[in-house]
Novice: 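Here it is, the structure in full.
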Amino acid sequence: MENRDIARILHETALLLEIDGAIIGRYRSYEKAAELLSSIPEHVEELAKDRAKLTSLPGIGEGMAGHIDEILATGDYSLRKKLLKKYPATILDILSLQGIGPKKVALLWKKFKAGSVEDVAKLAREGKLRDIAGFGEKTEENILKAVEFFQRSSGRVRLDVATNTAAEVAEYIRKLGGKIESVTPAGSLRRGKETIGDLDFLVIPAGRPTQKAIDAIFDHILKFPPIQQVLAHGENKISFLLTNGMQVDVRAIAEESHGAALLYFTGSKEHNVALRGRANAMGYTLNEYALSTLKGERHVASKTEAEIYAKLKLPYIEPELRENTGEIEAAEKGALPKLITLDDIRGDLQMHTTASDGHNSIEEMAEAARDLGYEYIALTDHSKSVTVANGLDEKRTLAQIKKIREAEKRVGGIRLFASSEVDILKDGSLDLHDDVLAELDIVLVSIHSYMNLERAEMTDRILAAIENPYTQILAHPTGRLILKREPYDYDIEKVLDACRKHGVVVECNAAPERLDFRDANLRLAKQRGVKVVISTDAHSTAHFDLMKYGVQTARRGWLEAHDVVNTFPLKKFLSALRPKPARSGEHSTARKATAR
DNA sequence: GCCGTTTTCGGCCCGACTGTTTTCAGTCG
């Protein structure tokens, strides 16, 4: 059983307890246990073999340890099951409606036996909610809007959509010119999460902030044309919905609180809770205005994030690491990674040209890459099985290799690797003959068909592809499409071990609909000693810009420049790849790709 | 249900905003 499965059961128990009217501490203890289990790297199933180890975790006592044992033994938890006899499982969906929390859910259940979003929607439409104590016409209206949103989408958008929207909002806010000191995007966008729920902005008014100045700033922002609905408008916070469905929160904060506010609004919530806990233990309290002493109300630090971390006896923690998944412990030990940056990247190892499904020629891609300052790229058009993408068969691949060699001479100033994104067939064999694979400088492999094989068969298929002596890079390893398609089901740890054994590099595909491997898997790859390559999978020269999303995802996976092979200069990069098999009748060194 | 350089009992992170209320409960991040 995975940690997240146990955490989910405990989390649901906590919500059900809260709906059931349990005292605050009881459900909080379940909530805290769930948060802890989903954040620690150790496998709880292993830890639970030793009761002392389990109860040494903060927030896990004898009682909770017993519950965890029960979940591990039976796959479920009796208290959760008992509560689900009292309430339908769909009651938890109601909590995802904006403006509805456990107390209102409990009330709706008590009064109307409303146990699903549909039940609540019906009551709201019939006007039956407005007369309940604590509700009103406005609440009813808001519930209807929330139901519509719930039914329309999961409420999250991809990182690229959020990044672009945020850029537009920020640009509009900056039109205030001298009236503001700065505007900074925070939240999960700043942490580079693969999907974003809403956008958070921090605005620092220029000079001494008066309510009048803040009001003027908010008045300007609320005139942003794409605003569909204003959700909240207070003294120092506004919140609104854009026509594309994204929610935006803007907070005005005085300059002296910039660091505390940035820390607070960047999150994650879990990281913040952990920091506040640490602050309390050290005799401080932390909020969005400052780190202060618990008693004297004396401000200890507030202007920069680094200052606050320093007072908490921690080095600065990069936003991408702030998920409470061990970064605070690593910071304590001085063991934080020195994260990779976009400037470290020297090449791009997956892209397509007009030969298959790309929009630009070999030359156009090469020139654009050279202009970005790259030292090398690999041209990786699809192989023949991917017919929808006009994949290349053996003959066309050989011709493409020749064209790439000629283009390299013409373009100059950049090394072009003749490569191919070779399809992994259903049985794990590769889509091109060995003698053609032998002609390629780099062999990248990936799956584009039979994505729903059962776990064991899919694992064997990928292992077979890795064991193929020509395979050097495993591209978009899990095949997921964010918000659209689940990853392939296979044993990732087995695959990573095979990659290390055979010197196969795994890809972090930077295309924002993929980001594959994802952050957690990249971290796992690093732990298992597997090298990573970050590639854009560009289908046009414009897509080279997507590299930033791949780097951000790698940073979330705790990767440093030395973990990523396309940060290496040409010669070192080549020696980091799996050596090509010797061709029969030739010396083993003859076909090694060389740094020309 | 957990936990203690304030505590073995009495708290549980904390502040803003809304909508309801007429001083505050509920929700959110």
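Sequence lines set the chain letters: A, B, ... in the order given, protein chains first and strands last, and positions in each chain run from 1. Worth saying up front: this structure is predicted, and the values here are computed from it rather than measured.
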Novice: Assign B:dT20 to syn or anti; the rule is syn for a glycosidic angle within 90° of 0 and anti otherwise.
Specialist: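 You should classify B:dT20 as anti.
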
Novice: Which part of the nucleic acid, if any, lies within reach of A:K103 when heavy atoms closer than 4.0 Å are counted: base, sugar-phosphate only, or nothing?
Specialist: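 Contact class for A:K103: sugar-phosphate only.
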
Novice: Would you mind classifying the nucleic acid contact of A:I23 as base, sugar-phosphate or nothing, using non-hydrogen atoms under 4.0 angstrom?
Specialist: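 Answer is base: heavy atoms of A:I23 come under 4.0 Å of a base.
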
Novice: Could you tell me whether A:N236 contacts a base, only the sugar-phosphate backbone, or nothing, with contacts defined as non-hydrogen atoms closer than 4.0 Å?
Specialist: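 If one applies the 4.0 Å heavy-atom cut-off, A:N236 turns out to touch the sugar-phosphate alone, with no base involved.
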
Novice: Need the pair for B:dT18. Rule: Watson-Crick or G-U wobble, both distances under 3.5 Å, any strand; none if unpaired.
Specialist: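 Its partner is B:dA25.
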
Novice: Would you mind checking if A:D131 and A:K128 are paired as a salt bridge, meaning a charged N to carboxylate O distance below 4.0 Å?
Specialist: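 Not counted as a salt bridge, because no side-chain N and carboxylate O are separated by less than 4.0 Å.
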
Novice: Please figure out whether A:G59 or A:L97 has its closest DNA chain B nucleotide nearer the 5' end.
Specialist: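 Nearer the 5' end of the strand: A:G59.
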
Novice: Say you pick atom P in B:dC17 and the same atom in B:dG11; how far apart are they, in whole Å?
Specialist: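 B:dC17 and B:dG11 have their P atoms separated by 28 Å.
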
Novice: For the side chain of A:Y289, counting heavy atoms from C-beta on, which of B:dT20, B:dG1, B:dA16 is nearest?
Specialist: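 Nucleotide nearest to A:Y289's side chain: B:dA16.
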
Novice: Could you measure between the two P atoms, the one in B:dT8 and the one in B:dG4, and give it in whole Å?
Specialist: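 It comes out at 13 Å once rounded to the nearest Å.
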
Novice: Do A:D519 and A:T553 meet the criterion of a side-chain donor-acceptor pair at a distance under 3.5 Å?
Specialist: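 Judged by distance alone, the side chains do not pair up.
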
Novice: Among B:dC14, B:dA16, B:dG26, which is the nearest nucleotide to the side chain of A:K237?
Specialist: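 Among B:dC14, B:dA16, B:dG26, the one nearest the side chain of A:K237 is B:dA16.
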
Novice: Under 4.0 Å between any heavy atoms, over every strand shown, what does A:Y27 touch: base, sugar-phosphate, or nothing? Just pick one.
Specialist: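 Nothing: the residue A:Y27, judged by heavy atoms under 4.0 Å, touches no strand.
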
Novice: Nearest-Å distance, CG (A:L36) to P (B:dG1)?
Specialist: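 It works out to 17 Å between those atoms.
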
Novice: Applying side chain to side chain contact (heavy atoms under 4.5 Å, CB included) to A:M282 and A:R278, what does each step give before you reach the verdict?
Specialist: CA-CA 6 Å; A:M282 293 174 72; A:R278 186 181 176 86; 4.1 Å; yes

Novice: Base, sugar-phosphate, or nothing: which does A:G25 touch, judged by heavy atoms less than 4.0 Å apart?
Specialist: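 Touches a base.
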
Novice: Does B:dT20 have OP1 or OP2 sitting under 4.0 Å from an N or O in the side chain of A:T139?
Specialist: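 Answer is yes, contact under 4.0 Å.
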
Novice: Between P on B:dG19 and CD1 on A:I100, what's the gap in Å once rounded to a whole number?
Specialist: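 Value for this atom pair: 13 Å.
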
Novice: When the P atoms of B:dT5 and B:dG1 are compared, how many Å lie between them, rounded to an integer?
Specialist: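 Those two atoms are separated by 23 Å.
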
Novice: I'd like to know if A:K223 pairs up with A:D219 as an ion pair, taking the criterion as any Lys NZ or Arg NE/NH1/NH2 lying under 4.0 Å from an Asp or Glu carboxylate oxygen.
Specialist: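 Looking at A:D219 together with A:K223, the answer is no, because their closest N to O distance does not fall below 4.0 Å.
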
Novice: With DNA chain B as reference, determine whether A:L57 or A:N142 sits nearer its 5' end, using the nearest nucleotide of each.
Specialist: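 Closest to the 5' end, via its nearest nucleotide, is A:L57.
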
Novice: What integer number of Å spans the P atoms of B:dT23 and B:dC28?
Specialist: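 Looking at atom P only, B:dT23 and B:dC28 are 25 Å apart.
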
Novice: A:H233 has a side chain; which of B:dG29, B:dT18, B:dA16 sits nearest to it?
Specialist: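 Closest nucleotide to the A:H233 side chain: B:dT18.
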
Novice: Any idea which of B:dG29, B:dG19, B:dA16 is nearest the A:E288 side chain?
Specialist: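 Nearest listed nucleotide: B:dA16.
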
Novice: Distance check, P atoms only: B:dG10 and B:dA16, in whole angstrom units.
Specialist: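 One P to the other, the span is 30 Å.
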
Novice: For residues 49-60 of chain A, which residue pairs pass the salt bridge (charged side-chain N to carboxylate O under 4.0 Å, His left out) check, not counting sequence neighbours?
Specialist: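 Qualifying pairs, neighbours excluded: A:E46-A:K49, A:R51-A:E62, A:R51-A:D69.
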
Novice: Can you confirm whether the side chains of A:E31 and A:H11 place a donor and an acceptor under 3.5 Å from each other?
Specialist: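 Looking only at side-chain atoms, A:H11 and A:E31 do form a donor-acceptor pair, the distance falling under 3.5 Å.
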
Novice: Rounded to the Å, how far apart are A:E270 CD and B:dC14 P?
Specialist: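 Atom-to-atom, A:E270 to B:dC14, this comes out as 17 Å.
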
Novice: Which nucleotide wins on minimum distance to the side chain of A:Q247, given the candidates B:dT18, B:dG1, B:dG29?
Specialist: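 Nearest to the side-chain atoms of A:Q247, counting from C-beta on, is B:dG29.
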
Novice: Say we look at B:dT22 and B:dG29: how far apart would their C1' atoms be, to the nearest angstrom?
Specialist: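 About 28 Å, rounded to a whole number of Å.
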
Novice: Taking atom types as modelled and ignoring hydrogens, do the side chains of A:R190 and A:T266 form a donor-acceptor contact shorter than 3.5 angstrom?
Specialist: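 Yes - a donor-acceptor pair under 3.5 Å links their side chains.
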
Novice: Taking only side-chain N and O atoms of A:N287, does any of them lie within less than 4.0 angstrom of OP1 or OP2 on B:dG15?
Specialist: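 Yes, because at least one side-chain N or O of A:N287 sits under 4.0 Å from OP1 or OP2 of B:dG15.
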
Novice: Within less than 4.0 Å of OP1 or OP2 of B:dG1, is there a side-chain N or O belonging to A:H67?
Specialist: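 A:H67 to B:dG1 OP1/OP2: side-chain N or O found under 4.0 Å.
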
Novice: To the nearest Å, how far apart are A:L107 CG and B:dG26 P?
Specialist: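 Result: 9 Å.
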
Novice: Looking at A:Y284, does any N or O in its side chain come under 4.0 Å of the phosphate oxygens OP1/OP2 on B:dC14?
Specialist: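 The answer is no; no side-chain N or O of A:Y284 sits under 4.0 Å from OP1 or OP2.
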
Novice: Could you tell me how far B:dT27 sits from B:dT21 if I compare only their P atoms? Round to whole Å.
Specialist: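 Here B:dT21 and B:dT27 have their P atoms 15 Å from each other.
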
Novice: Nearest whole angstrom, please: distance from the P of B:dG1 to the CD of A:E62.
Specialist: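 Checked: the CD to P distance equals 13 Å.
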
Novice: Could you tell me the separation between the CG atom of A:L291 and the C1' atom of B:dC14, rounded to a whole number of Å?
Specialist: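 So the two atoms are 14 Å apart, to the nearest Å.
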
Novice: Given B:dC17, B:dG19, B:dC14, identify the nucleotide with an atom nearest to the side chain of A:T285.
Specialist: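 Of the candidates, B:dC14 comes closest.
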
Novice: What contact category does A:E137 fall into here, base, sugar-phosphate, or nothing, at under 4.0 angstrom with non-hydrogen atoms?
Specialist: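 Here A:E137 touches the backbone only, sparing every base.
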
Novice: Between B:dC14 and A:N272, is there an OP1 or OP2 to side-chain N/O distance shorter than 4.0 Å?
Specialist: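 Indeed not, no polar side-chain atom of A:N272 lies that close.
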
Novice: Roughly how many Å is it from CD1 in A:I94 to C1' in B:dT27, rounded to a whole number?
Specialist: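 For the pair A:I94 CD1 and B:dT27 C1', the rounded distance is 15 Å.
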
Novice: Could you check whether A:K311 makes a cation-pi contact with A:Y284, meaning its NZ or CZ is under 6.0 Å from the centre of the six-membered ring and within 45° of the ring axis?
Specialist: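 No - A:K311 does not lie over the ring of A:Y284 by the 6.0 Å and 45° rule.
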
Novice: For the side chain of A:P102, starting at C-beta, report the closest nucleotide among B:dC17, B:dT27, B:dA16.
Specialist: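 Of B:dC17, B:dT27, B:dA16, B:dT27 is nearest to the side chain of A:P102.
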
Novice: Given the P atoms of B:dA25 and B:dC12, what is the spacing between them in whole Å?
Specialist: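 B:dA25 and B:dC12 have their P atoms separated by 15 Å.
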
Novice: Rounded to the nearest angstrom, tell me the gap between atom CD in A:E31 and atom C1' in B:dG1.
Specialist: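 A:E31 atom CD is separated from B:dG1 atom C1' by 13 Å.
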
Novice: Remember a base hit wins even if backbone is also touched, and classify A:F265 as base, sugar-phosphate or nothing at under 4.0 Å, heavy atoms.
Specialist: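 Nothing, no nucleic acid heavy atom in range.
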
